Amino acid sequence: MSTRRLPVPPSERTIAPFGRRLLTVTANERLGAYRLLKAADPDGPAPAAGQFAMLAAAERWGAGEDERPYLPRAFSYARWLADRRSRRSPIGGETHFLLEDVGPGTRRLCELRAGERLWALGPLGVGFDPPEDERRALLVGGGVGIAPLAIWQDSLGAPGTVLLGFRDGARAEGATLLGDALLATDDGSVGHRGFVTDLLSAELDRDAHATVYACGPPAMLEAARALCAVRGVPAQLALEAGMACGFGACFGCVVPKRCGGYLRVCVDGPVVDAAELDRVEAHVGSPA
Amino acid sequence: MSTRRLPVPPSERTIAPFGRRLLTVTANERLGAYRLLKAADPDGPAPAAGQFAMLAAAERWGAGEDERPYLPRAFSYARWLADRRSRRSPIGGETHFLLEDVGPGTRRLCELRAGERLWALGPLGVGFDPPEDERRALLVGGGVGIAPLAIWQDSLGAPGTVLLGFRDGARAEGATLLGDALLATDDGSVGHRGFVTDLLSAELDRDAHATVYACGPPAMLEAARALCAVRGVPAQLALEAGMACGFGACFGCVVPKRCGGYLRVCVDGPVVDAAELDRVEAHVGSPA
Amino acid sequence: MSVSFCGLELAHPVINGSGTFDAIAARRAFGKALDDAFPFAAFVSKTITLAPRAGNPPPRLWEAQAGLVNSIGLPNKGLERYMSEDLPELARLPAPLITNVMGSTAEEIAALVRACDARDEIAAVELNVSCPNVKSGLDIGADPGQLEHVLTAVRPALRKPLIVKLTPNCADVAECAKAAQEGGADAVSLINTLRAMALAPTRGHDAAQPRAWLGGGTGGLSGAAIRSLALAQVAAVAERVTIPVVGMGGIGSTAHARQFMDVGATLVAVGTESFRDPALALRIARELHPQHPPGMRRMNA
Amino acid sequence: MSVSFCGLELAHPVINGSGTFDAIAARRAFGKALDDAFPFAAFVSKTITLAPRAGNPPPRLWEAQAGLVNSIGLPNKGLERYMSEDLPELARLPAPLITNVMGSTAEEIAALVRACDARDEIAAVELNVSCPNVKSGLDIGADPGQLEHVLTAVRPALRKPLIVKLTPNCADVAECAKAAQEGGADAVSLINTLRAMALAPTRGHDAAQPRAWLGGGTGGLSGAAIRSLALAQVAAVAERVTIPVVGMGGIGSTAHARQFMDVGATLVAVGTESFRDPALALRIARELHPQHPPGMRRMNA
Ligand SMILES: Cc1cc2nc3c(=O)[nH]c(=O)nc-3n(C[C@H](O)[C@H](O)[C@H](O)COP(=O)(O)OP(=O)(O)OC[C@H]3O[C@@H](n4cnc5c(N)ncnc54)[C@H](O)[C@@H]3O)c2cc1C
Ligand SMILES: Cc1cc2nc3c(=O)[nH]c(=O)nc-3n(C[C@H](O)[C@H](O)[C@H](O)COP(=O)(O)OP(=O)(O)OC[C@H]3O[C@@H](n4cnc5c(N)ncnc54)[C@H](O)[C@@H]3O)c2cc1C
Ligand SMILES: Cc1cc2nc3c(=O)[nH]c(=O)nc-3n(C[C@H](O)[C@H](O)[C@H](O)COP(=O)(O)O)c2cc1C
Ligand SMILES: Cc1cc2nc3c(=O)[nH]c(=O)nc-3n(C[C@H](O)[C@H](O)[C@H](O)COP(=O)(O)O)c2cc1C
Ligand code: FES
Ligand code: FES
């Protein structure tokens, strides 16, 4: 499929077609410890960075560990390559998802081969907001959570400052998904030995006139949130939660709000203003 | 795998190892409308002709139509090629199964590729008994029901008289599984246009000193049973019934007995003396 | 292919299970496409209670074998804000609105029902009787006597059709349905989720004290896994009552919908399977034969 | 790793669900290998009734989503031939024998229990109370009062441990378990199958009158699909009673077995999942940690 990368219009939310649609896998590439799943989405609209899709293999979705999966799984758009024919229309392109095998659903998707098909519903949720009053974009990602930062970097049109943290070297290979990034690994095999939030605090000390865009494990998000909060730096956090539907139907994907009550990650997020949360709880229903 | 065909000792029942075991698919060949699934069974004992195994794909057994299959499925041994090394031991060989795709379970097995694995429990049930007082063996098969007749022909050591019926030409290609057979097809595309039981009555009129071994759809079995009954010709019928376990545990696979009550096809059959039945009912739980 | 149900003329026999589709949230996700291709012949709201409820702490979801265990805990804005904030939005839907309500006493229920009676935007009321009785702890709908008693008390407060959403966690659902009919229900709907539980996964078996996965402790099972149970309950109820039955429980295809109608359901509701595809109900409605014999027969009865 | 259960010393905590393993038929299929590697710490017989039963007409099986609906109809030789023909064979098993019996009246049950009391080959009796009451049609085990009444009447007839196999088709299984304890049960076992139904498949939708698939009309759902429901019932029961609990319902792995013990089961039973692999229970028994804390705690309590 002949495609060219186009900066995605930075709009917070793209409306999804009503109903799931079939995508055809064009490639499934190993990216260190992850898989980069590429699929043709001829009828899909260009997603906004930070949005996600609910995915399920079209064949044999189920019959894994404990007869699962049953429901579709949520995955951030990691990249969108608009079809050439549709330069003027925002419809149709190749979509990329970065996958980490953590259970029966991701395992099934990780084994999909080119030509096989998957169901997709999306783009769903609200994505990232561009920085305001000339703040620089500071992208902070942890593990497979780097996925939405890649498409965000594309749509910002400029590399910006990117800080990525991984557990080990194999996972750090995922960093190639983004342009020039500063790395940290828990085991020190690549880049700074320690947390990506160490890099973040250094960056903020150097220049705090930034908007932080963070996605990753809860502990990392919470650390980033706290670092930004004390410095009064605006932060947008891409959250995760176990989901059944992805479009606000089940009320299952909630996280507590600062002002009390809960927000639904799938429709009020996944990207939320850090100010909306007291703290990022260790989320459940998706890998820590 | 280097193998040679060995006549299987005609014993009515081979005891199965306790517990299911993994077989590795060596080939999955198209045989007209059917698939011939070949698998290495290094720890399996040589089955008696007419016995069956409960099979399930080792991976992704389920998630088909209506989230099925769940339970294993019953399949007649169609052929057994003993491993050379075990010429003196009855353990280890390549087993063949003839499959017709009629639902989620058979569909999954039909798509297995060489190298993939399946669970097998067997050999189960009682097989065919050799003819008595010099009667000739008359093998009568319909559709995928020809499978157990192939291994029975092997173990009899002589081709004998084989009459096979099929719905159409594509299915009739399955006949190559056995040595020189007389064919009938419903649509007349191959051999006699009509029922295989037409051929059977002609054969019995010619020479009734025979023992009939029949396997196929219920209507065919019932016709064969009736033909033999009026002529006082002994007949052994390989029955089918929907099964959950295959080893007598669930009492689900029953067919009515002449003397009242039910017999369990999996442990009292699948091969039964026609005299045990009033008639062969259109069985349920497996394709008509 | 319109279907008449308790005096309502519906475009087809497919509606949603309460709490399995939020039309307002869906509009945010799918825009006007939702209204152009609205899948349900009538829209059933999530259960509304007198006072607002935050719902249960997460996790609220557990994926079971071909099923979902949820302990959402009936979060809702409460009657007042539902009326002021949601009703105007829901009134714009291209389908009649059925408001689902729940209360733990006859007084509470009467208040809810009365409020619904006063609003023209609401075409009918569905009463969720899976609410635990404060004394027995059992669902108020689990005891036929108690159910009929409550219904007799609240029925006069409503001039609109009253659908009673039965609880499946009972010894004899048909007896409960009969009691609902005696109490004045115009229709019954079933099945609701079945009490279920899951433990938090443990990598290997660490000595750690095992704990329930769901924030609410226990939850309710729904989806494909319960279909054969739902079909049995719907069949038993349809045999016992003369009022129309709304059948649900794991319906995920047109064939499934037909099965529920074959055993006597007038309408079918799609719930959990909508999570796999929000447009599923639309496909079913289109594929369903307009006048499905068993369904029609019961309706004209 | 022996486990004491109602005074019986069992090699491990894994037994079979009644009616899901026929040791005599299995001997024909697997020969002496079965006795050499017998998977169950105690063997539970299929339900025995006073009079012989042929069971339901086929079809008796329907495969559901990760589950099985059966309407076997409790075929058995009747008490007399069970005692004369099967008992000698079962006595040769390398595990104590638990005979499962069912009757529709206290008198019938007493007769069954008395007969079991007289035979040394039988270590304990499991009473299946999922038998429909002739009057109400409900399972006699579904009404706590009636259950306690029946048990009080029959308990004196047995000097051996009495296990009551509860019915899951009730409003409050924990209340039924409490009633069983009050009635003199030494243990309770659950869950039995859940009432379910299936229609015969129709290629496309032919006008043909839809009919139930199962010869028995309705059946009972078992297997993986019911695990989360079973776990909830077992947990509720274990919280309410002090006698040991035998947990079952979709157990297909050691992890599942642990979950049932974690919520308070002393023993676990493997049923439908044995159909996928008759040696499953053996693997579970081997993999289970010998002294599983929660299980032990409740046993020594
Ligand atoms: C908005 C969003 C975006 C995401 N983007 C990505 C992405 O780009 N790439 C990516 O790899 N992942 C992403 N995820 C996470 C991904 O959705 C999960 O990893 C996936 O759903 C796991 O499914 P599974 O079947 O593989 O494993 P599961 O076992 O279903 O889930 C793993 C975790 O769920 C819990 N769990 C275990 N069993 C159950 C059960 N039976 N029911 C419920 N919970 C259970 C446990 O905490 C376990 O660690 C995203 C999630 C969200 C919400
Ligand atoms: C002893 C024996 C030997 C056999 N040998 C062979 C062989 O050599 N080759 C071969 O191809 N087949 C053989 N069969 C038949 C084979 O076992 C069945 O075709 C197979 O089980 C079908 O499973 P499925 O999932 O493909 O289709 P299913 O849909 O499971 O079964 C097809 C039939 O079962 C019924 N059915 C439909 N849905 C259900 C349901 N949910 N639950 C229960 N029943 C349902 C219907 O009658 C349908 O036509 C044998 C059967 C037996 C008993
Ligand atoms: C996430 C979720 C939330 C639900 N919320 C409600 C509710 O608020 N009120 C209600 O009466 N039923 C509720 N239900 C039950 C459904 O309406 C339906 O009765 C049940 O899920 C069975 O149908 P299904 O298997 O098609 O989902 C809910 C079900 C689910 C899965
Ligand atoms: C085919 C079959 C037959 C059964 N027969 C009996 C029986 O005779 N007596 C009884 O008490 N329970 C019987 N049961 C119920 C099981 O013992 C068990 O309680 C139930 O199947 C749940 O466990 P499982 O999901 O592991 O199978 C039977 C279950 C099945 C599937
Ligand atoms: S996943 Fe269903 S509401 Fe968010
Ligand atoms: S298949 Fe279970 S007894 Fe025959």
Side-chain angles (χ1 to χ4, degrees), chain B residues 13-22 45 51 54 56 61-73 103-105 119-126 241-257 260-262 264-268 281-286 288, chain D residues 16-17 19-39 46 52-68 70-77 200-201 213-215 222-225 271-280 282-283:
Chain B
R13 158 177 265 151
T14 298
I15 298 297
F18 182 60
R20 66 181 186 178
R21 59 192 183 272
L22 274 174
Q51 286 191 293
M54 296 298 286
W61 186 248
E65 177 197 327
D66 279 349
E67 316 294 330
R68 299 167 53 225
Y70 169 58
L71 298 162
R73 301 295 197 252
W119 288 113
L121 179 73
L124 298 166
V126 288
M243 293 187 171
C245 70
F247 51 93
C250 75
F251 284 79
C253 61
V254 296
V255 298
K257 275 189 299 191
Y262 298 101
R264 281 173 287 180
V265 170
C266 71
V267 282
D268 304 320
E281 311 273 345
H283 67 260
V284 278
S286 62
Chain D
N16 65 296
T20 64
F21 202 94
D22 179 337
I24 296 171
R27 265 213 193 100
R28 287 165 62 192
F30 307 115
K32 66 179 292 294
L34 175 70
D35 298 77
D36 299 346
F38 195 70
K46 188 155 179 55
R53 292 168 57 107
N56 291 333
R60 292 178 169 185
L61 302 170
W62 176 261
E63 186 180 64
Q65 295 65 32
L68 170 67
N70 83 81
S71 76
I72 307 300
L74 305 176
N76 76 95
K77 300 174 163 180
W213 168 260
L214 295 167
S222 65
T272 302
E273 288 280 327
S274 286
F275 301 162
R276 304 218 277 181
D277 180 8
L280 169 65
L282 185 67
R283 199 166 65 249

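Please read these numbers as outputs of a predicted model, since none were measured by experiment. Letters A, B, ... are given to chains in the order of the sequence lines, protein chains preceding strands, and every chain is numbered from 1.
Residue Ser274(D) comes nearest to Phe247(B) through the heavy atom pair O-CZ, 3.5 Å, listed as atom of the first residue, atom of the second, then distance. Closest heavy-atom contact between Pro17(B) and Phe30(D): O-CD2, 3.6 Å. Minimum interatomic distance between Gly55(D) and Tyr262(B) (heavy atoms only, all atoms of both residues): O-CE1, 4.1 Å.
Phe251(B) has its side chain within reach of Asp22(D): a pair of non-hydrogen atoms, C-beta onward, lies under 4.5 Å apart. Taking 4.5 Å as the limit, some side-chain heavy atom of Arg28(D) sits within range of a side-chain heavy atom of Asp268(B).
For Ala224(D), the parts lying under 4.5 angstrom from a heavy atom of chain B are both the backbone and the side chain. Proximity to chain D (any heavy atom under 4.5 Å) is shown, for Leu71(B), by both the backbone and the side chain. Of the two parts of Pro57(D), the backbone and the side chain both hold a non-hydrogen atom closer than 4.5 Å to a non-hydrogen atom of chain B. At a 4.5 Å heavy-atom cutoff, the contact between Pro278(D) and chain B is made by backbone and side-chain atoms alike. In this structure, chain D has no heavy atom under 4.5 Å from any part of Arg21(B). Looking at Ala244(B), both its backbone and its side chain come within 4.5 Å of chain D, counting heavy atoms on both sides. For a residue to count as touching a neighbouring chain, one of its non-hydrogen atoms must lie under 4.5 Å from one of that chain's; by this rule Ile15(B) touches chain D with backbone and side chain alike. There is no contact between Asp36(D) and chain B, counting heavy-atom distances below 4.5 Å.
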Please evaluate residues Asn70(D) and Cys250(B) with respect to the criterion side chain to side chain contact (heavy atoms under 4.5 Å, CB included), reporting the C-alpha separation (whole Å), side-chain torsions for both, the decisive distance (0.1 Å), and the verdict. CA-CA 9 Å; Asn70(D) 83 81; Cys250(B) 75; over 6 Å; no
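Between atom OH of residue Tyr70(B) and atom CD of residue Glu273(D) there is a gap of 3.5 Å, rounded to the nearest 0.5 Å.
Of the listed residues Ala66(D), Ala279(D), Ala54(D), the one with more heavy-atom pairs under 4.5 angstrom with chain B than any other is Ala66(D). If you tally non-hydrogen atom pairs under 4.5 Å between each of Pro69(B), Gly246(B), Pro256(B), Gly261(B) and chain D, the highest count goes to Pro69(B). Chosen from Gly223(D), Gly73(D), Gly67(D), the residue pairing most often with chain B at heavy-atom distances under 4.5 Å is Gly67(D). Contact count versus chain D (heavy atoms, under 4.5 Å) is highest, among Gly248(B), Gly252(B), Gly19(B), Gly125(B), for Gly252(B).
Remark: side-chain polar atoms of Glu67(B) are not paired, donor with acceptor, to backbone N or O of Ala64(D) under 3.5 angstrom.
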